[in-house]
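Let me begin by presenting the structure, written as structure tokens, before commenting on it.
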Amino acid sequence: MISLNTLQNTTRPSKKRKRVGRGLGSKLGKTCGRGEKGAGSRSGYRRRYGKEGGNMPLFMKLPIRGFSNFNFRRAYDVINLEQIEQMFEEGDVVDIEALRANGFISGRSHGVKILGKGELKKKVKIHVHAISSSAKEKLTVGKIPFEIVTVKKTDIES
């Protein structure tokens, strides 16, 4: 019978354990391969990548090239069709205010985008800022009305 204590890793041979501090003839005796002095020879030392021990780090010497929009992006809050199916009743309006009231969105929001995962059978009215192509296809097949609205300043700051 197989159990946790009888499991063996047969995919690769196990590496021999590094035995340090076992005499000068072992190549890892005395200082145990850590060198003589300095932070690296002390216990608890951790190499911090990017730090060069007093030198100006290389990444600070190199020029900044190009532009990244990461800090200025306007990311939408996304919701799937299956989540709308669970959250709303027949005839409800799905918009940013209704999603806030249901606790789906809190804090700043630059808009709502609907994604096409799952099915939506309930006839709800949808007023959102963006819709994916798969969601748009499913909504048109299901004859569910939707409208793409622009982002208002009040939507963002609420």
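This chain uses plain numbering: 1 for the first residue, then up along the sequence.
- Contact of the Leu7 side chain with the Ile2 side chain is registered, since non-hydrogen atoms from C-beta on lie closer than 4.5 Å.
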Practice task
I would like to know whether Glu52 and Leu58 meet side-chain contact (heavy atoms from CB on, under 4.5 Å); could you show each step before the answer?
Solution key: CA-CA 8 Å; Glu52 296 187 20; Leu58 179 67; 3.6 Å; yes
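- The side-chain heavy atoms of Ile148 and Lys136, taken from C-beta on, include a pair separated by under 4.5 Å.
- Tyr49 is listed as a side-chain neighbour of Arg47, based on a closest heavy-atom distance under 4.5 Å.
- Of all the heavy atoms in Ile105 and Ser109, the pair that sits closest is CG2-CB, 3.9 Å.
- Rounding to the nearest 0.5 Å places CZ of Arg108 at 12.0 Å from CG of Asp77.
- Listed here is the closest heavy atom pair of Ser26 and Gly23: OG-O, 2.9 Å.
- For the pair Val128 and Val149, the minimum side-chain heavy-atom distance is 4.5 Å or more.
- Across Gly116 and Asn80, no two heavy atoms sit closer than the pair N-OD1, 4.2 Å.
- The main-chain N or O of Ala39 is never found under 3.5 Å from a side-chain atom of Arg42 such that the two would form a donor-acceptor pair.
- With rounding to the nearest 0.5 angstrom, the OG atom of Ser134 is 11.0 Å from the CD1 atom of Ile114.
- His129 has its side chain within reach of Ile96: a pair of non-hydrogen atoms, C-beta onward, lies under 4.5 Å apart.
- Leu99 places a side-chain heavy atom less than 4.5 Å from the side chain of Met87.
- Distance alone, capped at 3.5 Å, places no donor-acceptor pair between the Lys27 side chain and the Gly33 backbone.
- Judged purely by atom type and a 3.5 angstrom limit, Lys138 has no side-chain atom pairing as donor or acceptor with the backbone of Lys117.
- A 4.5 Å side-chain heavy-atom check between Arg19 and Leu28 finds every atom pair outside the cut-off.
- By the salt bridge (charged side-chain N to carboxylate O under 4.0 Å, His left out) test, Glu89 is found to be paired with no residue, residues two or more places apart in sequence or in another chain being considered.
- Phe104 does not carry Arg100 over the face of its six-membered ring by the limits of under 6.0 Å from the centre and within 45° of the normal.
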Exercise for the section: Check step by step if side-chain contact (heavy atoms from CB on, under 4.5 Å) holds for Ile126 and Leu120. Expected result: CA-CA 12 Å; Ile126 297 173; Leu120 181 60; 4.2 Å; yes
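- Rounded to the nearest 0.5 angstrom, Leu115 CG and Ile131 CD1 are separated by 10.5 Å.
- Taking each heavy atom of Val93 and Phe88 in turn, the nearest pair found is O-CE2, 4.0 Å.
- Between Lys122 and Glu90 there is no salt bridge, since none of the side-chain N atoms of the basic residue sits less than 4.0 Å from a carboxylate O of the acidic one.
- Between Tyr76 and Val112, the closest heavy-atom pair is CD2-N, 4.0 Å.
- The environment of Lys61 atom NZ is dense: over 12 non-hydrogen atoms of other residues, nucleotides or ligands sit within 6.0 angstrom.
- At a threshold of 4.0 Å, the pair Lys30-Glu36 counts as salt-bridged, since one of the basic side-chain nitrogens sits closer than that to a carboxylate oxygen.
- Looking at Val124 and Glu85, their side chains never come closer than 4.5 Å, going by heavy atoms from C-beta outward.
- Annotation: the span from Lys121 atom NZ to Leu81 atom CG amounts to 10.5 Å, rounded to 0.5 Å.
- The two residues Ser41 and Gly35 have their closest heavy-atom pair at CB-O, 4.2 Å.
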